[in-house]
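FYI, side chains are in, hydrogens and waters are out, and symmetry mates aren't considered; it's all heavy atoms of this structure. Nothing fancy with the numbering, it's 1 onward along the sequence. Whatever order the structure lists them in is the order used to number ligands and atoms, beginning at 1. These numbers were taken from a predicted model, which means no experiment stands behind them.
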Amino acid sequence: MLLLTLSASPALADWFSDARAMMGTEVSIHLWSDDPEAGREALEEVFQEAARIDRLMSTYKDKSEISKINRDAAQGEVAAGSELFGLIQRSLDISVLTRGAFDITYDSVGQYYDFRSGQRPDPETVESERQHIDYRLVKLDQVRSTVHFLEPGVRINLGGIAKGYVVERGIDILRGRGVQNAIVTAGGDSRLLGDRRGRPWMVGIRDPRKDGEVAISVPLADEAISTSGDYERYFEEGGVRYHHIIQPSTGEPASGVRSATVFGPDAVITDALSTSVFVMGVERGLTLIGSLPDYESIVIDDEGRVFYSDGLMQPASDAPE
Ligand code: ADP
Ligand code: MG
């Protein structure tokens, strides 16, 4: 027995990491495992789960459940699986909480942007389509698990919440496998399981204007952290930065903030709230976060100034310029 324990060789315990391009971004996993094979299997299972969720929720895939809803829900009720239904429900709840700053119908206009090719809707399209940005036009039937849009022209997109769901599910899988220390990241959303074996994880918030540089590092354990930034997906035209976070009231990219970071217990919520705080701006955004005891926020405004929610201690160091 003793021999067996020894040959199970604790020396093979190590960090296992991998990253893959998916969901229009990068999904990365970093975990501690006592056993290399189990470690590699765990990595694979989380990537498979991310791919499965993407197949359900990507508007870029014609066959996804959400694409079917976008095609048919204005004509009548469309059945949705419990997972997608649940995430739409949570999205609408956050719309109520943020008074419409977070709104998955942003895509009624958002669909006309293509950040890779630098395309944007003309002012007439923005003007005519922005009336379809209104989460109250999405009706859910709990009993039948159906989605119905109250008018044509409405389109939903879970881009502001689905990555949080992916990392939350990824951590669930790892926890179920007995992993105790891990970090799962999808784009700007991360969920931390445990710590870095005796030390906190140091999570860097990017400098929004200096590629690859970290503006602020936050020590965290057992928490979710999400950042929404105007540098993630954007193009510039005539000195204006057109980026991927839409102000629902105008149908144009939200202004006033370069990045909004939110951390707290649940990555689905931090994901949606980082997008929300970005849209709401420093003052309204931090007031909202101040009303949520479990969540904190760090916002960098369009002049590079850094603002902290009330629950955070102001560090002595200065803001990045
Ligand atoms: P990232 O995708 O960089 O992690 P976010 O979490 O802020 O950043 O998500 C931005 C995405 O959220 C956009 O690409 C778009 O799909 C979606 N989105 C944009 N504006 C809104 C909004 N007002 N409400 C909800 N979702 C939005
Ligand atoms: Mg988000």
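The cationic atom of Arg20 (NZ for Lys, CZ for Arg) lies less than 6.0 Å from the six-membered ring centre of Phe47 and within 45° of the ring axis. Taking the centre and axis of the six-membered ring of Tyr113, the NZ or CZ atom of Arg120 falls outside the cone set by 45° and 6.0 Å.
Inclusion of Gly160 in the set of residues having an N or O under 3.5 Å from an N or O of ligand 1 is warranted.
Interface of Arg233 with ligand 1, defined as ligand atoms under 4.0 Å from a residue heavy atom, comprises 2 (O), 14 (O). Of all atoms in ligand 1, listed by their number and element, those nearer than 4.0 Å to a heavy atom of Asp103 are 22 (C), 24 (N), 25 (C). Per-residue contacts place Ile245 under 4.0 angstrom from the following atoms of ligand 1 (heavy atoms of the residue considered): 7 (O), 19 (C), 20 (N). For ligand 1, the atoms sitting less than 4.0 Å from at least one non-hydrogen atom of Ala101 are 22 (C), 23 (N), 24 (N), numbered in the order shown with element in parentheses. Every atom of ligand 1 with a heavy atom of Pro248 under 4.0 Å away is listed here by number and element: 23 (N).
Looking at every heavy atom in both residues, Ala272 comes nearest to Ile161 through CB-CD1, 4.1 Å.
Panel note: side chain Asp103, backbone Tyr135; a donor-acceptor pair is recorded below 3.5 Å. Put simply, the side chain of Thr185 never gets that close to the backbone of Ser190: no donor and acceptor are under 3.5 Å apart.
Nearest residue to atom 19 (C) of ligand 1 from His244, His243, Glu232, Met280 is His244 (criterion: closest heavy atom).
Salt bridge absent: Asp301 and Arg258 never bring a charged side-chain N and a carboxylate O closer than 4.0 Å.
Residue contacts with ligand 1 for Asp189 involve side-chain atoms from C-beta outward but no N, CA, C or O (heavy atoms, distance under 4.0 Å).
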